[in-house]
Each structure stands twice: as C-alpha cells, then as structure tokens.
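Read the structure below first, then the notes.
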Amino acid sequence: MSGAALMLLGLGQALFGALAPVPDATLAQERGGFMLPGGIDVALTVQTQTAVDGAVVLRTVFQASQGAPTLTVYAPRVGETVAAAPAVGAGSAGSRAPSVTYDTRSGFQVTPGTSASGIGVAAAGAAAWPAGLEAVVGGMTDHGVITQGQQGGTRTVELSGSDLTVTHLAGNVFGTAIANSGSDRVIDTETSVAIDLGAAGAELLAGSALLRVGEIAGAATAMRAQ
C-alpha cells in the first residue's frame, strides 16, 4: 500500500473511527425520499394502473417517503367492477395518449400521442383511490392470481389470468409488461409520478414555479433510476 493510501486511511479513521453506527430503530423513523443536487428535499410516489375495457384490473403504488420504500398493491373487490380513472389530473385539451393496436391482418400498429406528458401542481392529499379497490398482498381475484417477487432492487407484481398476464415493475426500474392472448379488448396502462415538495423551501418559488416543478420531477425520476 502506498504512503498516500496509508495517509488517507489514517485520516478516515481519525475522522470517523469514533462515530457509532446509528441504530436501525432510529433510522426507521427518519424521512426517506431524495435530496436533489439543487438541495431540495422531495419524496416520490409512482402509481401504475392497468385497465381492460375500461375496468381496473391492477394498480400498484410505490412510495419513497418515510423509511424504506414501500409498494402497495390494489385490486378490485370480488364481484365489483372499478371504472378506470386517471391517476393524475386530466391532460391538456386536445391531447391524446399513444396507443398500440393489433389484429391478425395488419399486425401491430402504433399511434403516437399528440402531446408530451403533462406536469401539474396539486395540493397534498388531493389524490383519491377509485371506490371498489382494496389493498392486497396476493392471491385470487376476479381477473387472475396476484403474486409478488423481487429481482435485485426491482419489485414485481404479476396478475396472471387465463389469457392475460400483467406485470408491474417498481424500484430501480419502473414499467409494465403485458402478455395478452385474448381478442377484441382494449388494454390501457398509465403510470404517474408525484413529487412531494412538503419539505421544500422558498427557493422553489424562484422564477417560474411550473418550470421548476418540471425540473424537479425529471431529476427525482432520474435519481430513482440510478
């Protein structure tokens, strides 16, 4: 080991060697989330919802706010049909989400959206769950069997039915995989990202607040993907 390395090792021991580790019980009470490069403290919520023919079949909510990140799974109660509603406010007038269609004659057709993803500002606690959904860990639903798993830093939630399998990914990676062998159905998947700025200071209001929120949303999502 070189003399420079020994000097750095000795300096590290002098600075931190006397510090005691923080107990797990104390860490569990600390706030999670992210400290962005600009110094703004934020929390992150990512909601993914999949609907078939306008009815919700699976909804997952990933939160990094208090302690370790959590993933909550929602499914319709047995015997109930839950109409799909946007997880966030409606987009701008005239906007249209991209769509993918398939038939045996034409194959896959992709129709681009008419506008970029929207960014809006909402009051804390404004989001509400659609009536008829309940939190589940797993098991049988009217649309198939729900199971959870984990691959490294990514959590997976799979809904497996007779002719449709939906998988939501959350954690280091966010996304949805759909395997469909049924016909004449419309499958919609929507993912929304909510940034909690409750701990942000007056620096957020400097300049254009809406543009500032856009920058924060992009930075927080990028950090979560690292």
**Report entry** Atom CD of E80: over 12 foreign heavy atoms under 6.0 Å
**Finding:** yes
Requested in this report: Check A75 against I146 and note the closest heavy-atom contact, atom names and distance.
Outcome: CB-CD1, 3.8 Å
Query raised in the report: Listed by chain and number, what are the side chain to side chain contact (heavy atoms under 4.5 Å, CB included) partners of T165, not counting sequence neighbours?
Result: E158, S160, T167, A179
Query raised in the report: Between T176 and T189, do the side chains contain an N or O donor and an N or O acceptor separated by less than 3.5 Å?
Result: no
Report task. Could you tell me the separation between the CG atom of L159 and the CG atom of L58, rounded to the nearest 0.5 Å? Result -> 5.5 Å
With a cut-off of 3.5 Å and sequence neighbours excluded, list every side-chain donor-acceptor pair involving residues 132-145.
unit_1 : atom_1 : unit_2 : atom_2 : d
T141   : OG1    : H143   : N      : 3.1
T141   : OG1    : G144   : N      : 3.3
T141   : OG1    : G144   : O      : 2.9
D142   : OD2    : G79    : N      : 2.6

Query - Partner set under side chain to side chain contact (heavy atoms under 4.5 Å, CB included) for T45, not counting sequence neighbours - result: Q47, V61, Q63, A194
Requested in this report: Report the C-alpha separation of V52 and V186 in whole Å, then their side-chain angles, then the decisive distance to 0.1 Å, and conclude whether the side chain to side chain contact (heavy atoms under 4.5 Å, CB included) test is met.
Outcome: CA-CA 6 Å; V52 177; V186 177; over 6 Å; no
**Report entry** Listed partners of N180 passing side-chain hydrogen bond (donor to acceptor under 3.5 Å, both in side chains), at least two apart
**Finding:** R185
Requested in this report: Check side-chain hydrogen bond (donor to acceptor under 3.5 Å, both in side chains) between T156 and all other residues, then give those that pass, not counting sequence neighbours.
Outcome: none
Query raised in the report: Looking only at atom types and distance, does a side-chain atom of Q148 sit under 3.5 Å from a main-chain N or O of Q150, one as donor and one as acceptor?
Result: no
Query raised in the report: Taking the side chain as C-beta and beyond, is there a heavy-atom pair between I187 and T50 under 4.5 Å?
Result: yes
Query raised in the report: Excluding sequence neighbours, so at least two apart, what forms side-chain hydrogen bond (donor to acceptor under 3.5 Å, both in side chains) with T60?
Result: H168
Query raised in the report: How close do G171 and F62 get, heavy atom to heavy atom, and via which atoms?
Result: CA-CE1, 3.9 Å
